[in-house]
Amino acid sequence: MDEKPDVFLAGERVYLAPVRVEDAPLYVRWLNDADTRRHLTMCLPLTREQEEEWVRGVGKNPDDVVLAVRMSADDRLAGNVGLHGFDRIHRSAEFGVFIGPPELQGRGLGTEATALTLKYGFGELNLHRIGLRVYEFNEGALRAYARCGFKEEGRLREAYSYCGRWHDVVLMGILAEEYFTR
């Protein structure tokens with residue numbers, strides 16, 4: 001991979017970097033897309049101005065780390081990852097990831113970005129636990145999280161309504177000991 005000035009964590013096919021305000025229009029397109037949005041907690045339309053304001057605020061909240069997922073080959077924006085709600089006493093955080101372009105979904109990029117984020121969370125931030133929430137119908141994400149070492153910890157039964165049906169929210173987590181013994 002060529003040296004890129006904003007690389008924070010580098011993988012084989014993707015790297016994680018600070019989010020850029022000029023990427024706001026792409027985020028808006030992806031986050032307003034029904035197929036992408038159904039896997040996220042977003043349900044209201046998003047404007048470019050709202051997204052630009054959000055990007056400018058990234059880094060100001062000491063309890064969150066949000067990074068862009070970019071393609072190593074061409075710097076193309078693929079999505080983002082985040083560790084949210086740091087609990088410094090219990091050394092835990094909530095994980096989130098999304099890959100925006102439909103042609104990049106299902107190709108293992110989110111899995112690679114997840115692995116990079118776990119390495120950072122456990123190796124550099126000294127977290128003890130990283131958790132996440134995923135909708136039961138997001139089978140690809142469930143498999144990817146399991147490949148990265150997350151274990152199902154429980155379910156919030158019928159806690160998410162989508163297209164007139166109720167769905168479970170699956171709670172998953174991984175502990176530092178599990179991460180380091182993989």
Atom pair CD/CZ of Gln105 and Phe98 - distance to nearest 0.5 Å: 9.5 Å

Using 0.5 Å steps for rounding, measure from the CD atom of Glu94 to the CG atom of Asp87. 11.5 Å

Is there a side-chain contact between Leu171 and Leu156 (heavy atoms, below 4.5 Å)? yes

Trace of the side chain to side chain contact (heavy atoms under 4.5 Å, CB included) decision for Leu118 with Cys148: CA-CA 8 Å; Leu118 292 177; Cys148 288; 4.0 Å; yes

In the structure I gave you, are the side-chain heavy atoms of Ile174 and Phe95 within less than 4.5 Å of one another anywhere? no

Check against side chain to side chain contact (heavy atoms under 4.5 Å, CB included), Glu178 and Phe150: CA-CA 9 Å; Glu178 295 166 337; Phe150 283 91; over 6 Å; no

Less than 4.5 Å apart, any side-chain heavy atom of His90 and any of Arg129? no

Report yes if the side chains of Asn138 and Tyr145 come closer than 4.5 Å at any heavy-atom pair, otherwise no. no

Please work out whether the ring planes of Tyr160 and Tyr162 are parallel, tilted or perpendicular, with thresholds of 30° and 60°. parallel

4.5 Å side-chain heavy-atom contact, Arg147 and Thr111: yes

Go through Tyr135 and His167 one step at a time and tell me if the ring-ring contact (aromatic ring centres under 6.0 Å, His included) criterion holds. CA-CA 7 Å; Tyr135 305 128; His167 302 276; 8.1 Å; no

Tell me if a side-chain donor or acceptor on Asp168 pairs with a main-chain N or O of Val170 at a distance below 3.5 Å. no

How many angstroms lie between atom CG of Asn80 and atom CZ of Arg70, to the nearest 0.5 angstrom? 10.5 Å

Rounded to the nearest 0.5 Å, how far does CD1 of Ile130 lie from CE of Met172? 13.0 Å

Can a donor-acceptor pair be found, under 3.5 Å and without considering hydrogens, that links the side chain of Glu112 to the backbone of Val14? yes

Could you check if a side-chain atom of Lys119 sits within less than 4.5 angstrom of a side-chain atom of Tyr179, using non-hydrogen atoms only? yes

Side chain to side chain contact (heavy atoms under 4.5 Å, CB included) assessment of Met71 paired with Leu109: CA-CA 9 Å; Met71 301 298 295; Leu109 303 175; 3.6 Å; yes

Any sub-3.5 Å donor-acceptor pair from Arg91's side-chain atoms to Asn126's backbone N or O? yes

Using every non-hydrogen atom in the two residues, find where Asp6 and Pro18 come nearest and quote the distance to one decimal. O-CD, 3.1 Å

Taking CD in Glu152 as the centre, count heavy atoms belonging to other residues, nucleotides or ligands within less than 6.0 Å. Is the count above 12? yes

Show your working on side chain to side chain contact (heavy atoms under 4.5 Å, CB included) between Val66 and His84 and close with a plain yes or no. CA-CA 8 Å; Val66 178; His84 308 283; 3.6 Å; yes

Set of residues satisfying salt bridge (Lys or Arg N to Asp or Glu O under 4.0 Å) with respect to Glu22, sequence neighbours excluded: none

Between Pro101 and Ala78 the two heavy atoms that sit nearest each other are CD-O, 3.2 Å

Is Leu175 close to His128 at the side-chain level, that is, under 4.5 Å between some pair of heavy atoms? yes

Hey, which of Leu77, Leu16, Thr117 is the one that makes side chain to side chain contact (heavy atoms under 4.5 Å, CB included) with Val69? Leu16

To the nearest 0.5 Å, how far apart are CZ in Phe86 and CG in Leu127? 6.0 Å

What's the separation between atom CZ in Arg133 and atom CD in Glu153, rounded to the nearest 0.5 Å? 11.0 Å

